[in-house]
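See below for the structure under consideration.
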Amino acid sequence: MNIIKENALFIADSHYPHHGEAFLELLQKLDDGSIQTPQLFLMGDNFDLLFGHNDFIQTFSQEAIALIQKLSQNIEIHYFEGNHDFCLKELFPDIKVYSRAQQPVYFDLDNKKVALSHGDKYETGFLYDIYCKLLRNKTTLKILKPFEKPIITHRLQKLSHKHICFTFDKFEQRVEAILKHYSDVDMVIEGHFHQARVIGEYISLPSLACQGKVGLIEEGELVFKQL
Ligand SMILES: [Mn+2]
């Protein structure tokens, strides 16, 4: 099984570039060595809007994309695609990229079996499922290509004004429903909800955009940290 290493770093839901520069700054620190990690987990939605098969959309986040590509030459990186960033395999050839369909992925953390995913896999509804499959389809993205500039510009405009930080109502119930999909794991780690909470064996990662924190493995345990 894959092993989660000591000092591994988990970055989730930065929603770059619309919701702060923290993601870019963190990548720069990893690049200049002021922050060091042997293993980087990008847990999805670190980009507010990014997908493959499309050059136009990459122009908005070029610096961060280039840094991740560079870092992937020296650091083991795992990229869990989110609902805002997907079809990224061709963009990051030296990164382990997991599509929504491939998630959850199982890792070993200090002899515990951990399921990792962005967090939009279960309990999201039938229509969301169809929408996800359509939107992540190469043909769909190709068909939309002639309209890409107005569609993407409009989408980015809307996303930049979206409020993304709030406390999830009845989150415990949501977690309980998600955990029903798992029977043989010791821990589930997800982003997506921006809650920065630990509920039993479920860890909702902090959003770098909302709490300004990341997950860090210290002595075999995941802790939330501001870097
Ligand atoms: Mn998400």
Side-chain angles (χ1 to χ4, degrees), residues 9-20 22-24 26 40-52 57 60-61 64-65 68 77-89 91-92 95-105 114-137 141 152 155-171 173-175 177-179 181-182 188-199 202-215 222 224:
L9 201 60
F10 290 73
I11 311 178
D13 302 279
S14 307
H15 291 271
Y16 178 81
H18 292 131
H19 300 275
F23 185 52
L24 182 66
L26 199 47
L40 180 60
F41 290 89
L42 300 173
M43 297 302 291
D45 291 359
N46 281 310
F47 292 95
D48 211 23
L49 194 61
L50 181 66
F51 43 84
I57 193 129
F60 298 94
S61 310
I65 293 168
I68 294 172
I77 305 183
H78 298 267
Y79 202 121
F80 290 75
E81 295 186 340
N83 44 313
H84 292 249
D85 44 358
F86 47 85
C87 293
L88 299 177
K89 276 197 169 77
L91 205 54
F92 301 122
I95 290 178
K96 279 276 214 180
V97 177
Y98 311 103
S99 68
R100 179 173 182 265
Q102 292 168 313
Q103 300 173 30
V105 183
V114 184
L116 297 182
S117 58
H118 170 63
D120 64 333
K121 173 95 181 194
Y122 300 124
E123 299 302 313
T124 42
F126 175 63
L127 279 174
Y128 182 81
D129 238 46
I130 294 177
Y131 165 81
C132 279
K133 278 184 187 131
L134 257 180
L135 204 61
R136 283 155 179 73
N137 185 289
L141 294 177
I152 290 170
R155 191 79 199 119
L156 287 173
Q157 176 72 16
K158 283 202 110 171
L159 283 170
S160 64
H161 293 109
K162 201 175 158 191
H163 292 287
I164 60 165
C165 305
F166 49 88
T167 305
F168 209 102
D169 217 22
K170 296 182 183 145
F171 190 56
Q173 273 158 262
R174 181 70 170 250
V175 167
I178 290 172
L179 288 177
H181 294 268
Y182 296 94
V188 175
I189 300 176
E190 297 186 334
H192 187 56
F193 297 109
H194 310 177
Q195 298 301 296
R197 287 184 65 185
V198 181
I199 299 172
Y202 183 90
I203 296 181
S204 175
L205 289 166
S207 150
L208 186 59
C210 296
Q211 289 86 15
K213 291 184 179 175
V214 297
L222 191 141
F224 302 155

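Ligands are counted one by one from 1 in listed order, and the atoms in each one are counted from 1 as well. Treat the numbers as computed from the prediction; the structure is a model and nothing was measured.
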Open item on the list: If I consider every N, O or S atom in Asp45, which one ends up closest to the Mn ion (ligand 1)? I only need its name.
Closed with: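 Distance check against the Mn ion (ligand 1) picks out OD2 in Asp45.
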
Any donor-acceptor N or O pair under 3.5 Å, side chains [X], [Y]:
{"X": "His192", "Y": "Asp120", "value": "no"}
{"X": "Asn46", "Y": "Ser14", "value": "yes"}
{"X": "Ser99", "Y": "Glu81", "value": "no"}

TODO: Please find out if the Mn ion (ligand 1) and some N, O or S atom of His192 are separated by less than 2.8 Å.
DONE: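 Short answer: yes, at least one N, O or S atom is under the cut-off.
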
Task: Contact check: Asp120 to the Mn ion (ligand 1), N/O/S below 2.8 Å - done: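 Given the 2.8 Å cut-off, Asp120 does not count as a ligand of the Mn ion (ligand 1).
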
TODO: Check the pair Leu88 / Tyr98 against side-chain contact (heavy atoms from CB on, under 4.5 Å), numbers first and verdict last.
DONE: CA-CA 9 Å; Leu88 299 177; Tyr98 311 103; over 6 Å; no

